[in-house]
A.B. asks: 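Okay, handing you the structure first.
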Amino acid sequence: MRARWHNRVARSSVTLPVAAVLTTLLWWLPQGGYSLPYLLGWAVCAVGMFFLIETAAQNVLIRVRSRMVSSLFLLLMAACGFMHELSAASLVQLSLLVSLYSLLRTCEKVRPELDTFHAYLALSLGSLLWPPLLWVALALLLAQSFFLRSLSSRSFGAVIIGLIVPYLFWIAILFLMGDIAIFVAHAREIMNPVYTLIGQVHHEMELANTFNVSAWASLQGERITSYTSHLFVNKKAELAALVLVVLTGATSSAFYFSNSYDDKIRVRMCHYTFLLLFGWLALWLLVQPWQFHWLFPLLLFVSVPSAAYWLTFSRSWLARAWFVVLIVMWLCVAFLTLTPTPVFEQLAASLNVSFL
């Protein structure tokens with residue numbers, strides 16, 4: 001079949017340089033100059049891009065010559081201006097990216113212990129910045145067991161060693177400093193998502209057991225309405241970016257599931273690993289949306305491989321129309337996150353006046 005224009009863009013060797021230049025421009029132009037936190041954030045993004053290039057090349061995530069995986073990652077990062085400044089969330093994103101780079105290397109490997117150790121070591125280092133990241137290890141174990149088929153007794157030992165090594169060094173340093181209370185607080189933060197979820201479920205069950213269905217439904221409606229209005233008023237940019245990433249990831253996931261048998265088994269297993277993580281993180285964000293600052297950067301990059309696959313191989317008129325819609329959404333997200341707040345408020349006020 002004849003390649004469409006977005007297929008040619010995805011397969012072009014010029015796409016990655018153009019995306020890199022555009023990302024660099026959007027990284028600094030809105031703030032009107034260079035600053036160290038933004039420079040470091042750009043450097044972390046560039047390192048993540050190189051790891052994605054290697055991941056896509058080593059695992060042949062796209063079976064034709066294409067740099068769309070890394071290009072799409074750069075374009076999504078460029079549009080999300082609230083992620084440009086260096087933060088702990090940026091480093092957590094990089095740690096999971098390095099972890100997946102090592103984890104996918106274990107697929108069809110006779111001795112996967114060393115790569116398994118590196119994967120969970122990177123994840124553990126990231127959890128020093130955000131303790132609940134350790135719960136992602138459960139998703140990685142599922143992927144390694146069912147998709148990558150590299151989980152054995154030896155590799156499971158490598159998992160345990162990789163997870164505990166950074167903590168052993170950290171505990172030793174804290175013990176020498178005589179301040180072990182920091183580790184106790186850290187351990188509580190690891191368990192905090194589970195305790196919070198248990199509290200949520202227990203509270204909802206108590207409300208449901210009152211058998212006052214109308215009062216319970218009214219309370220849920222008030223919660224959803226108040227939270228949605230809060231997002232529209234205070235978190236427009238973050239909400240728009242989340243909608244873009246979720247729609248892109250959901251569309252491309254459905255496309256890959258329907259076309260995955262065109263790929264080799266190893267490639268399918270690598271894509272399924274990313275899709276499993278996408279579902280894991282999306283469900284986590286749905287249940288605990290206040291973790292957006294940490295979960296959204298992870299959700300963004302795990303949605304990229306299947307989205308790049310979709311852009312490279314989809315040829316239907318519906319795919320082309322939906323691609324145009326996503327481009328418009330990308331422009332809207334970039335406008336919301338990169339436009340200075342006074343300018344945006346003035347434009348919104350002028351639009352309100354014109355409509356009146």
Side-chain angles (χ1 to χ4, degrees), residues 10-11 16 47-74 76 93-123 126 136-152 155-156 158-159 162 245 248-282 297-314:
R11 300 177 188 186
L16 180 58
V47 173
M49 177 199 68
F50 283 114
F51 271 101
L52 268 179
I53 291 175
E54 287 298 314
T55 301
Q58 291 183 11
N59 300 285
V60 198
L61 294 181
I62 300 179
R63 59 181 181 270
V64 297
R65 186 177 180 86
S66 174
R67 290 287 183 265
M68 198 59 196
V69 175
S70 50
S71 301
L72 187 59
F73 172 73
L74 288 179
L76 289 176
Q93 182 194 60
L94 180 62
S95 70
L96 184 57
L97 208 160
V98 175
S99 177
L100 280 173
Y101 165 78
S102 298
L103 189 74
L104 295 183
R105 289 167 58 92
T106 66
C107 186
E108 298 181 353
K109 204 166 188 177
V110 179
R111 297 299 301 269
E113 293 83 10
L114 184 59
D115 288 318
T116 300
F117 169 76
H118 290 157
Y120 290 89
L121 177 66
L123 188 75
V136 179
L138 296 178
L140 298 186
L141 284 171
L142 288 175
Q144 196 173 2
S145 177
F146 293 104
F147 300 144
L148 306 179
R149 305 291 178 87
S150 59
L151 189 62
S152 62
S155 58
F156 185 73
V159 170
V245 169
T248 303
T251 303
S252 55
S253 299
F255 178 83
Y256 188 79
F257 277 123
S258 61
N259 296 271
S260 60
Y261 285 99
D262 294 334
D263 290 328
K264 295 180 179 180
I265 294 177
R266 174 190 169 88
V267 178
R268 292 206 303 268
M269 297 305 106
C270 293
H271 274 286
Y272 290 163
T273 300
F274 280 103
L275 296 179
L276 173 65
L277 278 172
F278 180 81
W280 183 280
L281 295 169
L298 309 181
L299 189 69
L300 183 148
F301 93 81
V302 297
S303 69
V304 163
S306 59
Y309 186 96
W310 171 62
L311 292 173
T312 305
F313 295 111
S314 61

A.B. asks: Holding to side-chain hydrogen bond (donor to acceptor under 3.5 Å, both in side chains), I want the full list of residues that pass it with S145, two or more places apart in sequence or in another chain.
C.D. replies: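 Here no residue qualifies.
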
A.B. asks: In the structure I gave you, are the side-chain heavy atoms of L148 and L104 within less than 4.5 Å of one another anywhere?
C.D. replies: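 Counting from C-beta outward, L148 and L104 do come under 4.5 Å.
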
A.B. asks: Should the heavy atoms of other residues, nucleotides or ligands under 6.0 Å from CZ of R149 be counted, would the total exceed 12?
C.D. replies: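 Not more than 12 within 6.0 Å, no.
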
A.B. asks: Does a donor on one side chain and an acceptor on the other come within less than 3.5 Å for S155 and Q144?
C.D. replies: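 Judged by distance alone, the side chains do not pair up.
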
A.B. asks: Got a sec, which residues hit ring-ring contact (aromatic ring centres under 6.0 Å, His included) with F51, two or more places apart in sequence or on another chain?
C.D. replies: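 By the ring-ring contact (aromatic ring centres under 6.0 Å, His included) rule, F51 matches Y101.
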
A.B. asks: Please name the pair of heavy atoms, one in R63 and one in Y309, separated by the smallest distance, quoted to 0.1 Å.
C.D. replies: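 What the structure gives for the nearest pair is NH1-OH, 2.7 Å.
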
A.B. asks: List for me each residue that meets side-chain hydrogen bond (donor to acceptor under 3.5 Å, both in side chains) alongside S66, sequence neighbours excluded, and say none if there are none.
C.D. replies: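 Partners of S66 by the side-chain hydrogen bond (donor to acceptor under 3.5 Å, both in side chains) criterion come out as none, since no residue qualifies.
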
A.B. asks: Measuring from atom CZ of F117 to atom OG of S102, what distance do you get when rounded to the nearest 0.5 angstrom?
C.D. replies: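 With rounding to 0.5 Å, CZ (F117) is 10.5 Å from OG (S102).
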
A.B. asks: Quick one: list whatever passes salt bridge (charged side-chain N to carboxylate O under 4.0 Å, His left out) with D115, sequence neighbours left out.
C.D. replies: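 D115: salt bridge (charged side-chain N to carboxylate O under 4.0 Å, His left out) contacts with R105, K109.
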
A.B. asks: State, to 0.1 Å, how close V267 and Y256 come at their nearest heavy-atom pair, and which atoms those are.
C.D. replies: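 For V267 versus Y256, the nearest heavy atoms are O-OH, 3.8 Å.
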
A.B. asks: If I take atom CG from residue L141 and atom CG from residue L103, how far apart are they, to the nearest 0.5 angstrom?
C.D. replies: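 Reported to 0.5 Å precision, the distance equals 9.0 Å.
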
A.B. asks: Distance from L151 atom CG to L140 atom CG, nearest 0.5 Å?
C.D. replies: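 Answer rounded to 0.5 Å: 11.0 Å.
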
A.B. asks: Report the residues that fulfil side-chain hydrogen bond (donor to acceptor under 3.5 Å, both in side chains) with T251, sequence neighbours left out, ordered by chain and then residue number.
C.D. replies: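 Testing T251 for side-chain hydrogen bond (donor to acceptor under 3.5 Å, both in side chains), a comparison that skips the adjacent residues, returns W322.
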
A.B. asks: Determine whether I62 and F313 make a side-chain contact, defined as any pair of heavy atoms from C-beta on separated by less than 4.5 Å.
C.D. replies: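 Yes, side chains in contact.
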
A.B. asks: What's the separation between atom SG in C107 and atom CD in Q58, rounded to the nearest 0.5 Å?
C.D. replies: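 If we round to the nearest 0.5 Å, C107:SG and Q58:CD are 12.5 Å apart.
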
A.B. asks: Closest heavy-atom contact between N59 and C270?
C.D. replies: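 That would be OD1-SG, 3.6 Å.
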
A.B. asks: Among all residues two or more places apart in sequence or in another chain, which pass the side chain to side chain contact (heavy atoms under 4.5 Å, CB included) test with S252?
C.D. replies: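 Side chain to side chain contact (heavy atoms under 4.5 Å, CB included) list for S252, sorted by chain: S306, A307, W310.
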
A.B. asks: Could you list the donor-acceptor pairs under 3.5 angstrom formed by side chains in residues 93-100, with sequence neighbours left out?
C.D. replies:
| unit_1 | atom_1 | unit_2 | atom_2 | d |
| --- | --- | --- | --- | --- |
| Q93 | NE2 | P297 | O | 2.9 |
| S95 | OG | V92 | O | 2.6 |
| S99 | OG | A119 | O | 2.7 |

A.B. asks: With side chains defined as the heavy atoms from C-beta onward, is the minimum distance between I53 and L16 less than 4.5 Å?
C.D. replies: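 Yes, close enough: below the 4.5 Å cut-off.
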
A.B. asks: Holding to side-chain hydrogen bond (donor to acceptor under 3.5 Å, both in side chains), I want the full list of residues that pass it with S303, two or more places apart in sequence or in another chain.
C.D. replies: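 Result, side-chain hydrogen bond (donor to acceptor under 3.5 Å, both in side chains) vs S303: none returned.
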
A.B. asks: With sequence neighbours left out, what residues match R111 under salt bridge (charged side-chain N to carboxylate O under 4.0 Å, His left out)?
C.D. replies: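 With sequence neighbours excluded, R111 shows a salt bridge (charged side-chain N to carboxylate O under 4.0 Å, His left out) to E113, given in chain and number order.
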
A.B. asks: Answer yes or no: does atom CD1 of I265 have more than 12 heavy-atom neighbours from other residues, nucleotides or ligands under 6.0 Å?
C.D. replies: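 No, the 6.0 Å shell around CD1 holds no more than 12 heavy atoms from other groups.
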
A.B. asks: Under the rule for salt bridge (charged side-chain N to carboxylate O under 4.0 Å, His left out), what residues qualify as partners of K264, not counting sequence neighbours?
C.D. replies: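 Per chain and number, K264 pairs via salt bridge (charged side-chain N to carboxylate O under 4.0 Å, His left out) with no residue.
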
A.B. asks: Working to the nearest 0.5 angstrom, can you tell me the gap between S70 OG and F50 CZ?
C.D. replies: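 Answer rounded to 0.5 Å: 9.0 Å.
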
A.B. asks: Looking at V69 and V304, what are the two nearest heavy atoms and their distance?
C.D. replies: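 Nearest pair, atom of V69 first, then V304: O-CG1, 3.0 Å.
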
A.B. asks: At what distance, to the nearest 0.5 angstrom, does CE of M68 lie from CZ of R11?
C.D. replies: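 If I round to the nearest 0.5 Å, the distance is 12.0 Å.
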
A.B. asks: Test R268 against F257 for side chain to side chain contact (heavy atoms under 4.5 Å, CB included), laying out the working first.
C.D. replies: CA-CA 9 Å; R268 292 206 303 268; F257 277 123; over 6 Å; no

A.B. asks: Stepwise, does the side chain to side chain contact (heavy atoms under 4.5 Å, CB included) test hold for L142 with L138?
C.D. replies: CA-CA 6 Å; L142 288 175; L138 296 178; 5.8 Å; no

A.B. asks: For residues 271-281, tabulate all N or O donor-acceptor pairs below 3.5 Å that involve a side-chain atom, not counting sequence neighbours.
C.D. replies:
| unit_1 | atom_1 | unit_2 | atom_2 | d |
| --- | --- | --- | --- | --- |
| H271 | NE2 | L61 | O | 2.8 |
| Y272 | OH | S260 | OG | 3.0 |
| T273 | OG1 | M269 | O | 2.9 |

